[in-house]
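Some notes on the structure that comes next.
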There are 2 protein chains.
Amino acid sequence: MSVRSLCLAILNFGDATGYEIRKETTSGSFSYFGDASFGAIYPALSRLEAEGRVTVREESQHGKPTRKVYSITESGRLELLDALMEPPAADTYKSPFLLLALHAEYVGPDVLRKAISARRKHLQEELALLRSIPHEDEPGAVNWVRDYGIQCKTFALGYLDANAQELIEAATRKHDKTSRPVSLPGQNTLFPNAAE
Amino acid sequence: MSVRSLCLAILNFGDATGYEIRKETTSGSFSYFGDASFGAIYPALSRLEAEGRVTVREESQHGKPTRKVYSITESGRLELLDALMEPPAADTYKSPFLLLALHAEYVGPDVLRKAISARRKHLQEELALLRSIPHEDEPGAVNWVRDYGIQCKTFALGYLDANAQELIEAATRKHDKTSRPVSLPGQNTLFPNAAE
DNA sequence: AGCAATATATATTGAACTGATATATGCCAC
DNA sequence: GTGGCATATATCAGTTCAATATATATTGCT
């Protein structure tokens, strides 16, 4: 998802500053759709403004830096709609936790327990964020997306709670026998298609 | 997850070419841990070789280009173990599908149905990939990670199957009343913390 | 008092990465 | 013959990241 589309989508929900857009994509509701750094957001906003897709006004505020608040224009909305009409790319899920879990026998049970605890905490934080989104009275897309997220994260947390001990036991058994990473038995176990 | 660590982790499972590493991170088992392009993989492998973390040998093969097969060294393994000992970063999940779902009322039921169908297909492909990983006889990390993935994707697919119609109906109701994206009612519904 | 951490803000930069492309060999389908 | 696909290495212009700088203000600690 391009930073451009991400900015337009966020602004379509309401006016925002570059700082707020960044915040939404890293720790807010929009973190489920995309991520963008300051180095990408500000140039994208500048281009969008130059092309008439957004407008910007400056607001002075006491005790804080001057804000530049961006608003989407009608042509910005049309561009967003066009982007949404395209078939969406595949969802992506990247899990440093699972990579560590895959090496559970090598890192050992203590490191593993810490990682599991951190993962639980992350999941709980995500659930808290999702639950903080107000539930709309009328059934619609916002509720649907919110509930989808809550159900999936709840399942993942429940599965982790129910099965973490099993992984810790496996890590404990094998860690006693292994002092450092070596090639796993059955080389290429993870590469059923790879030439070797 | 750095490309460097990703390469080391893959090579720890078995020797591989740059091309194979790229393939694993985009469409193979390692796509759950990280992603990397050719433009990042080759420089990373060059640096790793220069630093003694991997070795490389050339293989001629009839009918195909010469292969450069990379193997991890002992110091490469130690670096990987060090990296794994760090607390893992939070998992990330980015869903262009859910962004489209959030705008279901604006794109309308036809586009939505196509997106749902594509999402189902993606999920089924992921499940097929996970199920293609051989089940090890002895309980351990590989089985655990594999089953974790299978259970979560199966849940997500099941929830989508059970609830997609509800979203389509909401999209149909509201699409009849709306011809283009406008600010959603209750501005900043998604931003309970945002200043506005 | 001074400093670090944090929050709200805009803006920038060197390093890293992406997506596309080039090159090469071979196979298969139209 | 051509295009598409697969296996391979390698590269590059454009984009983005992570860190940093600047600014105002507050809080907590030494």
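None of the values given here were measured: they were computed from a predicted structure.
Going from atom CG of B:Leu48 over to atom P of C:dA16 covers 13 Å, rounded to whole Å. Look at CD on B:Glu49: it is 15 Å from C1' on D:dA10, rounded to the nearest Å. We find that OH of A:Tyr70 is positioned 13 Å from P of C:dA9, with the value rounded to whole Å. One interatomic measurement links the two molecules: CZ of A:Arg22 to P of D:dA19, which rounds to 10 Å at whole-angstrom precision. Whole-Å rounding puts the B:Glu59 CD to D:dT9 P distance at 10 Å. For the pair B:Phe38 CZ and D:dT7 C1', the computed distance is 10 Å after rounding to whole Å. B:Tyr42 places its OH atom 10 Å from the P atom of D:dT11, with the value rounded to the nearest Å. Between the P atom of D:dC17 and the NZ atom of B:Lys94 lies a distance of 10 Å, rounded to the nearest Å.
At least one donor-acceptor pair under 3.5 Å links the side chain of A:Arg22 to the backbone N or O of A:Ala36.
For B:Tyr19, the ring pair (Phe, Tyr, Trp, His ring centres under 6.0 Å) test picks out no residue, with sequence neighbours left out.
Proximity note for B:Ala40 (side chain, C-beta onward) versus C:dA9, D:dC17, C:dC17: the nearest is C:dC17. When distances are taken from the side chain of A:Ser37 to each of D:dA8, C:dC17, D:dC17, the shortest belongs to D:dC17. Distance from the side chain of A:Val3 is smallest to D:dT16 among C:dT18, D:dA8, D:dT16. Nearest nucleotide to the side chain of B:Lys23, out of D:dC17, C:dC17, D:dT7: D:dT7.
Taking hydrophobic clusters as Ile, Leu, Val, Met, Phe, Trp and Tyr residues chained together by side-chain heavy-atom distances below 4.5 Å, B:Ile72 does not share a cluster with B:Tyr42.
Within the 4.5 Å cutoff, the side chain of A:Phe155 has heavy atoms near those of the B:Gln151 side chain.
Using a 4.0 Å heavy-atom criterion, one finds that B:Gly18 contacts the sugar-phosphate atoms exclusively. Among the protein residues, B:Thr17 comes within range of the sugar-phosphate backbone only, with heavy atoms under 4.0 Å from sugar or phosphate atoms but none that close to a base.
Side-chain N/O atoms of B:Tyr19 include none lying less than 4.0 angstrom from OP1 or OP2 on D:dT9.
With A:Lys153 as the fixed residue, the side chain to side chain contact (heavy atoms under 4.5 Å, CB included) test singles out one of A:Glu126, A:His122, A:Gln124: A:Glu126.
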